[in-house]
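The shown structure was predicted, so the numbers you read here are calculated from the model rather than taken from an experiment.
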Amino acid sequence: MPEYGVSYYVKSAVAGGICCSVTHGGMCPVDVVKTRIQLEPEKYNRGMIAGFRQVIAAEGAGALATGLGPTAAGYFVQGWFKFGGGEFFKINM
């Protein structure tokens, strides 16, 4: 059985963290519009695409990134442990 060093586990953890941050962070704009629809259904009542347009018109495109930082950071940690830990326990258990 090959030997795996700390660098292997760190690489796995970093890769998992980056991937989870990107995939979950990429959904932030959708989550922003969905939340607006849920909170103000009388204003945002024409569907997702119209909701995107309404948010951009009212608040600017940057509003679609609301919550991106905490989401990316949180899912980086989650991915770090899920993939780094998964590799560690898969090999050592």
Is a side-chain N or O of Asp31 found less than 3.5 angstrom from the main chain of Met27, in a donor-acceptor match?
no

Report the relative orientation of the aromatic rings in Tyr9 and Phe88; use parallel for angles under 30°, tilted for 30 to 60°, perpendicular for over 60°.
perpendicular

If you measure from CH2 on Trp80 to OG on Ser12, what distance do you get to the nearest 0.5 Å?
10.0 Å

Do the side chains of Phe52 and Val30 get nearer than 4.5 Å, heavy atoms only?
yes

Residues Thr66 and Val32: closest non-hydrogen pair is O-CG2, 3.7 Å

Considering residues, nucleotides and ligands other than Ile49, do more than 12 of their heavy atoms fall under 6.0 Å from its CD1?
no

Compare all side-chain heavy atoms of Cys20 with those of Phe76 and state whether any distance is below 4.5 angstrom.
no

Check the pair Ile91 / Tyr8 against side-chain contact (heavy atoms from CB on, under 4.5 Å), numbers first and verdict last.
CA-CA 11 Å; Ile91 292 167; Tyr8 173 78; 3.6 Å; yes

List the atom of Gly67, the atom of Thr71, and the distance in Å for their closest heavy-atom pair.
O-OG1, 2.8 Å

Should we say atom NZ of Lys34 is surrounded by more than 12 heavy atoms from elsewhere, each under 6.0 Å from it?
yes

same_hphob_cluster(Phe81, Val10) at 4.5 Å side-chain heavy-atom cutoff:
yes

Check whether Ile37 and Leu64 end up in the same hydrophobic cluster, where Ile, Leu, Val, Met, Phe, Trp and Tyr are linked by side-chain heavy atoms less than 4.5 Å apart.
yes

Reference residue Gln54; test side-chain contact (heavy atoms from CB on, under 4.5 Å); the match among Glu40, Arg46, Arg36:
Arg46

Please say yes or no: joined through hydrophobic side-chain contacts below 4.5 Å, possibly via intermediate residues, are Phe83 and Ile18 part of one cluster?
no

Minimal heavy-atom distance between Leu68 and Cys28, with the atoms involved, is CA-SG, 3.8 Å

Consider only side-chain heavy atoms of I, L, V, M, F, W and Y, link residues closer than 4.5 Å, and tell whether Val6 and Val14 are in one cluster.
yes

Counting only heavy atoms not in Tyr44, do more than 12 sit closer than 6.0 Å to its OH atom?
yes

Is it true that a side-chain atom of Ser21 and a backbone atom of Ala72 form a donor plus acceptor pair closer than 3.5 Å?
yes

